[in-house]
2 protein chains.
Amino acid sequence: MDKQQTIECPVCPVEYTVNMVGGKYKLVILHKLAIHGVKRFNELRREFPNITQRTLTRQLRELESDGLISRQVYSEIPPKVEYSLSETGKSLYPILLQIENWGLNYIANNPK
Amino acid sequence: MDKQQTIECPVCPVEYTVNMVGGKYKLVILHKLAIHGVKRFNELRREFPNITQRTLTRQLRELESDGLISRQVYSEIPPKVEYSLSETGKSLYPILLQIENWGLNYIANNPK
DNA sequence: ATATGTAGTATCCTAAAGGATACCATTAAA
DNA sequence: TTTAATGGTATCCTTTAGGATACTACATAT
């Protein structure tokens, strides 16, 4: 039987989460996928006109390897690759919506 | 009377929020302040043993100029400066808690 | 007289993130 | 036959965030 031990969180859970969603585009990508469901690579590119292909690819790969999104490749020509939230990614849904709402509120109350 | 117009969000609210809380330590700082209330500068330093004084100062200044935290200076010697969430910062409370909870869950379900 | 604690600044440097550009294979359409 | 569209990679470069280190003023404690 395990000896009971004090829970000394080895890594702060907030820090942990931030490390996964803390890229310049990650939360925005996740939010788009949350809203629209499945998206192809070039659809995402068009959503973010300023992102470079290389950066988008990398952010997607990182999100994928962290288990937040799924990448579905179809063996077609021209290529077709679909991105969507994984189950874990979907668990971010409430956070994504709250972040959006908070932003809307902040913008509304801070006229510039 | 205003003409009704399509809401073409000039800046994505998610992006907007991310720009404000998207530093390496910002969300963690906000979370600490949310949990503990008022914190002095060196108390925060001790919470994050790895942060440099310069970086902590900058993150705090940015949070302050974005209106998320308040900085209370006492005219004493040695100096005493207290940081706490502003009203706007407090409106992040639910998000901060959800982020923490999400992290706890993720860690629990992804044994490593 | 020296050390300690406060809340910083100033200067310089490194590492990481992201941007720019060119290139690839394959097919279908013009 | 050139062009376009797909979903990328490969190289190189720039910008930025953050780290390292030294320094400050002032008062109190030793």
Side-chain angles (χ1 to χ4, degrees), chain A residues 11-12 14-33 36-66 68-84, chain B residues 11-12 14-33 36-66 68-84:
Chain A
V11 60
C12 166
V14 177
E15 217 174 311
Y16 203 85
T17 308
V18 167
N19 281 344
M20 276 193 291
V21 300
K24 182 171 175 184
Y25 298 94
K26 284 188 183 172
L27 279 169
V28 202
I29 291 171
L30 291 168
H31 181 257
K32 287 289 181 206
L33 293 179
H36 296 109
V38 170
K39 280 269 175 194
R40 295 180 62 175
F41 183 80
N42 273 359
E43 286 181 311
L44 286 170
R45 273 187 81 188
R46 281 180 227 111
E47 296 269 6
F48 315 111
N50 294 324
I51 200 174
T52 61
Q53 206 164 7
R54 178 183 172 280
T55 298
L56 178 57
T57 301
R58 260 198 19 215
Q59 303 268 303
L60 289 169
R61 290 285 188 283
E62 290 175 15
L63 288 170
E64 190 196 0
S65 79
D66 281 331
L68 298 180
I69 64 173
S70 308
R71 180 168 179 267
Q72 170 90 2
V73 182
Y74 295 86
S75 296
E76 303 176 3
I77 298 272
K80 176 175 173 184
V81 180
E82 284 180 347
Y83 293 93
S84 57
Chain B
V11 60
C12 166
V14 177
E15 214 174 312
Y16 203 87
T17 308
V18 167
N19 282 343
M20 277 194 291
V21 300
K24 182 171 176 185
Y25 298 95
K26 284 189 184 173
L27 280 170
V28 202
I29 291 171
L30 291 168
H31 182 257
K32 287 290 180 206
L33 293 180
H36 295 109
V38 170
K39 281 268 175 195
R40 294 181 64 174
F41 184 80
N42 273 0
E43 285 181 313
L44 287 170
R45 274 188 80 188
R46 281 180 227 112
E47 295 271 7
F48 316 110
N50 295 324
I51 201 174
T52 59
Q53 208 163 5
R54 178 184 172 278
T55 298
L56 178 56
T57 302
R58 259 199 17 217
Q59 304 266 303
L60 289 170
R61 291 285 188 282
E62 289 174 16
L63 289 170
E64 190 196 0
S65 78
D66 282 330
L68 298 180
I69 64 173
S70 309
R71 180 169 179 267
Q72 169 90 3
V73 183
Y74 296 86
S75 297
E76 302 177 2
I77 298 272
K80 176 176 174 183
V81 179
E82 284 180 347
Y83 293 91
S84 58

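Note on naming: letters A, B, ... go to the chains in the order of the sequence lines (proteins, then strands), and numbering restarts at 1 for each one. The structure presented is a predicted model; accordingly, all values stated were derived computationally and were not measured.
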Q.
Is any side-chain heavy atom of Met20(A) closer than 4.5 Å to one of Lys26(A)?
A. no

Q | Phosphate contact (dA5(D) OP1 or OP2) by Arg46(A) side-chain N/O below 4.0 Å | A | no

Q. Are any of Arg40(A)'s side-chain N or O atoms less than 4.0 Å away from OP1 or OP2 of dT6(D)?
A. no

Q: Could you tell me whether the side chain of Arg54(A) has a donor or acceptor atom within less than 3.5 Å of a complementary atom in the base of dG8(D)?
A: no

Q. Side chain of Tyr83(B): nearest nucleotide among dG19(D), dG8(C), dG19(C)?
A. dG8(C)

Q) Is any side-chain N or O of Arg61(A) closer than 4.0 Å to OP1 or OP2 of dG8(D)? A) yes

Q) Quick one: on DNA chain C, does Pro78(A) or Tyr25(A) contact a more 5' nucleotide (nearest heavy atom)? A) Tyr25(A)

Q) With respect to the side chain of Thr52(B), which nucleotide from dG8(D), dT9(C), dA20(D) is positioned closest? A) dA20(D)

(Q) Please tell me if Lys24(A) has a side-chain N or O lying less than 4.0 Å from either OP1 or OP2 of dG19(C). (A) yes

Q: Name the residue closer to the 5' end of DNA chain C, choosing between Ile77(A) and Thr55(A) according to the nucleotide with the nearest heavy atom.
A: Thr55(A)

Q: Please work out if Gln59(A) contacts a base, only the sugar-phosphate, or nothing of the nucleic acid, heavy-atom cut-off 4.0 Å.
A: sugar-phosphate

**Q.** Close side-chain approach of Leu44(B) and Ile51(B), heavy atoms under 4.5 Å
**A.** no

Q) Taking the side chain of Asn42(A) as heavy atoms from C-beta outward, which of dG18(D), dT9(D), dG7(D) is closest to it? A) dG7(D)

Q) Hey, does Leu68(A) have a side-chain heavy atom less than 4.5 Å from the side chain of Val21(A)? A) yes

Q) Base, sugar-phosphate alone, or nothing: which one does Arg58(B) contact when heavy atoms must sit under 4.0 Å apart? A) base

Q.
With heavy-atom distances below 4.5 Å as the criterion, would you say the side chains of Phe41(B) and Leu60(B) are in contact?
A. yes

